[in-house]
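Everything below concerns the one structure shown next.
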Amino acid sequence: MQTNQILALFCGTLLVLGLIAFFLGRAKAARVRAAGTSMHAQPDQYAWFSVLSTAGPAIAVGVVGAFAMLLLGAEIPTLYLLAASLVVGCAGLAMGIAMVRPDFHARKAIESVIRFFLAGAALISIFTTFGILISIVGEAIRFFQMQSFWDFITGTTWNPGASFLEAAGRAEEGASAAQFGSIPLFAGTFMITAIAMLVAIPVGLLSAIYMAEFAPQRVRTLAKPVLEVLAGIPTVVYGFFAAITVAPLIVSVAGFFGIDASFNNALAPGVVMGIMIIPFISSLSDDVINSVPDSMRQGSLALGMTKGETIRDVVVPAALPGIISASLLAVSRALGETMIVVMAAGMRPNLTANPFEDMTTVTVRIVAALTGDQEFASAETLSAFALGLVLFVVTLSLNLVSVIMIRRFREKYRINNL
Amino acid sequence: MSQSFDEISAQLRRRHRKSARLKWISMGALGLAGLFLVLFFTDMMIKGLPAFQQAQVQVEVDYSERASQLPLAAVQEDVRPLVSRGYLRLIPGRMDDNPELLGTTRMEWVLADGQVDQYLKGHHSRLSASEQEVVDRLQAEGRAELRFNTTFFSNGDSKMPELAGIASAAMGTVLTLLVTLAVSFPIGVMTAVYLEEFAPDNRVTQLIEININNLAAIPSILFGLLGLAIFINFFGVPRSSPVVGGLTLALMTLPVIIIATRTALRSVPDSIRHAAFGVGCSRWQVVRDHVLPLALPGIMTGSIIGLAQAMGETAPLIIVGMVAFIPDVTSSFTEAATVLPAQIFTWAGEPDRAFIEKTSGGILVLLAVLITLNATAVVLRKKFERRW
């Protein structure tokens with residue numbers, strides 16, 4: 001039998017068993033109540049308790065068995081496992097029905113189970129973080145067993161080309177040894193991020209200032225959702241836009257000024273990424289500027305400052321922690337952005353300061369390493385995880401710093417909802 | 001040091017001018033952002049709208065014995081290069097399905113080759129001069145024209161641009177999002193309910209909270225690495241399938257749903273909880289019967305927004321292999337599938353110019369769906385917004 005057939009059979013049987021438990025439990029409770037004994041809970045609650053006591057152990061056995069097979073490599077025939085799980089389910093059913101007694105607090109029992117499940121769901125987010133960490137660190141360690149960590153951090157040549165020959169045990173056939181020096185990738189990433197920030201921070205911040213300080217209410221209610229449209233456009237679409245429209249535009253404009261630009265220049269993905277990030281910065285800064293207490297503006301205006309001076313010398317400095325926090329989050333977003341650079345930046349690791357040349361980024365190389373046709377254990381595939389690890393560490397620290405900044409701002413002005 | 005009245009008023013004028021300048025500059029920044037938006041949409045429209053039209057030609061189709069062996073023989077030699085090869089390939093099958101066709105000759109509107117399509121739309125095409133003449137003649141006779149492109153919506157991917165469509169990607173998107181929703185919605189709501197209504201304020205709770213905020217800010221490609229290492233390599237979920245894509249996206253969507261649900265739960269006033277407790281409800285009964293129903297509109301808006309985000313996501317799906325070439329419409333959760341953004345990505349990599357049009361067409365469809373989803377969320381929020 002196929003796995004999903006077995007699964008369907010299992011679920012079907014469990015469903016039937018649960019239904020039986022429900023009706024038996026309710027019938028017994030109703031009988032007891034009809035006999036005139038007052039009970040601690042409603043018949044339906046006893047019924048649900050019976051269902052839980054049936055399904056809970058049965059599912060637990062199935063899950064434990066499945067994990068034993070996956071983690072410990074134990075060989076348990078699937079049918080045996082299912083049979084065992086159903087037997088345990090039947091035992092649970094019998095026990096559940098037996099526990100339907102007037103002095104039993106069925107509601108409390110159910111609720112502690114529910115609470116347990118809710119807490120379990122909350123733990124999944126922690127598991128996800130650990131999952132990311134474990135999967136990335138585990139594979140990255142395998143990579144660093146093959147390649148030196150020091151070369152990865154300080155090397156200036158990224159040339160994984162020959163690694164598939166090494167993986168096949170034919171290293172001597174390669175023209176040159178595979179080299180994993182990540183500096184050009186990070187240089188490219190930071191260059192594109194810097195360009196994006198040069199676009200996003202001034203435009204985003206100034207838009208926020210306009211919306212928070214100058215704009216009439218009507219403009220505000222209209223502008224904010226319209227700006228959010230920019231944020232809702234999928235990044236693959238931005239990537240296409242950057243590659244098909246913006247990059248040729250930049251090449252022809254640069255050509256007009258006599259500059260030789262590559263079609264995979266760093267400017268196109270940078271500018272488009274900046275556009276993508278504008279609403280992110282503007283809406284966060286708008287919130288922060290709005291939560292600067294009005295008394296500060298009034299004080300400044302009362303001293304004879306103009307509106308512009310109030311904004312420049314009072315409001316923006318007061319909101320600075322929040323603005324910096326927004327900018328840091330935006331930087332972390334730009335560092336991790338993938339589709340725009342995959343589609344519009346180059347593939348060639350290139351250590352240069354000229355934004356008109358092609359460059360590649362960390363995320364581009366991650367995608368390239370994992371969509372190639374190497375086997376999974378090759379150094380090139382695993383290098384994706386090493387790059388991912390660095391990306392994880394950098395973005396995580398940026399996020400943490402920005403959280404600390406915003407918390408400081410919040411404490412300073414005692415704001416609750418930011 | 002004293003200043004004359006004139007000096008002071010001049011200084012004041014300068015300061016007010018500066019203030020006004022800030023106003024205009026900041027207004028310009030907002031305008032610039034709006035301009036980007038307009039530019040972007042116009043560009044996509046200009047590039048993408050032609051994809052909804054496709055050239056068709058009226059030719060004589062000869063359902064002969066020979067055509068069932070050699071489909072190319074079904075049309076006359078002079079128009080043969082103008083007809084889509086994909087269409088011709090289907091002719092023997094149609095004759096098997098419908099034996100009456102055998103031996104008849106009919107005038108039929110058929111799908112034209114992609115190059116004819118490009119030529120009729122006024123783009124550069126690879127048609128030879130003589131072929132162009134034939135097309136011109138057919139067009140003058142009213143036997144070649146651009147019609148609404150149904151193939152684009154009914155076909156899967158193809159290497160022939162005239163046959164490439166979004167049907168399989170749309171189906172893949174639906175299946176993937178079903179998995180995403182089925183996983184992230186219950187877990188997200190349960191997490192939020194636990195954190196808002198049940199959790200004690202201790203270290204573990206704080207850890208979970210920090211974690212969720214962090215997850216929301218982790219680059220999406222790292223979720224792809226997680227999906228690859230854990231779901232595919234460890235749990236053995238089939239690569240490229242809607243299950244693995246959906247699970248990966250679910251973990252990404254989870255923080256969005258949790259944060260939105262928490263906000264919705266928090267906006268339900270405590271008086272309602274007190275009243276329910278007062279009549280003897282247990283904590284779970286209060287949540288299930290009173291708090292959750294009142295918070296539901298907020299939860300729905302959050303989930304729709306989360307789903308819209310997941311729908312536009314590509315990077316993690318590329319990592320788990322959902323960029324496969326899928327010509328047939330996927331029907332199962334474990335088969336290889338592709339999604340709309342991934343299809344767009346694949347087409348964007350095709351060298352043929354006709355695919356730029358397809359890509360932009362796919363983008364227009366994707367944007368239409370996304371804007372509809374977001375608008376629904378906004379309308380829901382407006383409709384159910386209430387001040388307690």
Side-chain angles (χ1 to χ4, degrees), chain A residues 70 107 111 114-115 117-119 121-122 124-126 128-129 131-132 135-136 139 202-203 206-207 209-211 214 223 225-227 229-230 232 234-237 240-241 243-245 275 278 306-309 311 329 332 336 338-339 343 363 366-367 370-371 385 388 391-392 395-396 399 403, chain B residues 15-16 18-19 22-23 25-27 29-30 32-34 36-37 40 43 187 190-191 193-195 198 207-208 211-215 217-222 225-226 228-230 233 235 251 254-255 282-284 308 312 314-315 318-319 323 341 344-345 348 356 359 363 366-367 370 374 378:
Chain A
L70 264 175
R107 188 170 82 170
E111 301 218 341
I114 288 174
R115 199 192 155 101
F117 271 106
L118 292 178
I124 286 181
S125 67
I126 295 212
T128 308
T129 311
I132 289 179
S135 57
I136 294 175
E139 309 293 359
V203 178
L206 284 169
S207 313
I209 288 177
Y210 181 71
M211 285 196 292
F214 292 112
V226 169
L227 266 191
V229 173
L230 276 179
T235 53
V236 65
V237 177
F240 180 70
F241 183 65
I244 296 294
T245 306
I275 296 175
I278 289 172
T306 64
K307 196 157 190 184
E309 286 160 349
I311 291 166
L329 277 181
S332 119
T338 312
M339 292 321 293
M343 293 169 83
T363 46
I366 292 180
V367 170
L370 290 174
T371 49
F385 289 88
L391 189 62
F392 181 80
T395 51
L396 191 69
N399 296 343
V403 166
Chain B
R15 285 170 59 201
H16 281 294
K18 235 174 152 182
S19 178
L22 180 65
K23 180 177 173 177
I25 288 174
S26 64
M27 203 167 154
L30 188 64
L32 194 62
F36 283 140
L37 201 64
F40 168 80
D43 187 50
I187 295 179
M190 280 163 76
T191 304
V193 166
Y194 179 74
L195 291 178
F198 287 89
L207 187 70
I208 294 176
N211 225 298
I212 289 166
N213 288 332
N214 245 326
L215 272 184
I218 283 180
S220 62
I221 193 170
L222 296 180
L225 294 181
L226 166 87
L228 180 64
I230 302 275
N233 286 344
F235 283 111
L251 295 182
L254 206 52
S282 67
R283 196 167 265 277
W284 169 242
T314 325
I318 288 182
I319 302 293
V323 276
I344 290 167
F345 175 63
I356 293 184
T359 314
I363 285 174
L366 182 66
L367 286 179
L370 286 182
N374 283 317
V378 171

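Throughout, protein chains are lettered first and strands after them, A, B, ... in sequence-line order, and every chain is numbered starting at 1.
For chain B, the nearby part of A/Thr371 is the side chain; its heavy atoms alone come within less than 4.5 Å. Residue A/Ile132 touches chain B through both its backbone and its side chain, counting heavy-atom pairs closer than 4.5 Å. Proximity to chain A involves both the backbone and the side chain of B/Lys23, based on heavy atoms less than 4.5 angstrom apart. With a 4.5 angstrom heavy-atom cutoff, B/Leu366 touches chain A only via side-chain atoms. Both the backbone and the side chain of A/Leu230 come within less than 4.5 Å of a heavy atom of chain B. For chain B, the nearby part of A/Ala223 is the side chain; its heavy atoms alone come within less than 4.5 Å. For B/Leu215, the part lying under 4.5 angstrom from a heavy atom of chain A is the side chain only. Only the side chain of A/Thr395 comes within less than 4.5 Å of a heavy atom of chain B; its backbone N, CA, C and O stay farther away. Interface remark: A/Arg107 contributes side-chain atoms only to the contact with chain B (heavy atom separation under 4.5 Å).
Partners of B/Leu207 under the side chain to side chain contact (heavy atoms under 4.5 Å, CB included) rule, at least two apart in sequence or in another chain, are A/Ile126. B/Asn374 is linked by a side chain to side chain contact (heavy atoms under 4.5 Å, CB included) to B/Ile305, B/Ala308, counting only residues two or more places apart in sequence or in another chain.
In terms of heavy atoms, A/Phe385 sits closest to B/Ala229 at CE2-CB, 4.2 Å. Residue A/Arg115 comes nearest to B/Phe198 through the heavy atom pair NH2-O, 3.4 Å, listed as atom of the first residue, atom of the second, then distance. The shortest heavy-atom contact between B/Ser19 and A/Phe214 is O-CZ, 4.4 Å.
Counting heavy-atom pairs closer than 4.5 Å to chain B, the top residue among A/Leu227, A/Val229, A/Thr128, A/Ile124 is A/Thr128. Ranked by heavy-atom pairs shorter than 4.5 Å toward chain B, the options A/Ala243, A/Gly388, A/Pro234, A/Gly336 are led by A/Pro234. Interface summary for chain A: among B/Asn233, B/Ile221, B/Asn214, the most heavy-atom pairs under 4.5 angstrom belong to B/Ile221. Ranked by heavy-atom pairs shorter than 4.5 Å toward chain B, the options A/Phe117, A/Phe241, A/Phe392 are led by A/Phe241. Chosen from A/Ile278, A/Val237, A/Leu370, the residue pairing most often with chain B at heavy-atom distances under 4.5 Å is A/Val237. Top candidate by heavy-atom pairs under 4.5 Å with chain B, chosen from A/Thr245, A/Ile244, A/Ile311, is A/Thr245. Ranked by non-hydrogen atom pairs under 4.5 Å with chain A, the options B/Ile319, B/Asn213, B/Leu32, B/Leu254 are led by B/Ile319. Interface remark: of the candidates A/Pro225, A/Gly131, A/Ser135, A/Ser135 forms the most heavy-atom pairs closer than 4.5 Å to chain B.
A/Ile366 places a side-chain heavy atom less than 4.5 Å from the side chain of B/Leu225. Using a 4.5 Å heavy-atom cutoff, the side chains of B/Leu22 and A/Lys307 are not in contact. Side-chain contact between B/Ile212 and B/Leu195 is present, with at least one heavy-atom pair separated by less than 4.5 Å.
Between A/Glu111 and B/Arg283 there is no salt bridge, since no side-chain N of the basic residue sits under 4.0 Å from a carboxylate O of the acidic one.
In the model, A/Asn399 has a side-chain atom that pairs as donor or acceptor with a side-chain atom of A/Ser332 under 3.5 Å.
Put simply, the side chain of A/Ser207 gets close to the backbone of A/Val203: a donor and an acceptor are under 3.5 Å apart.
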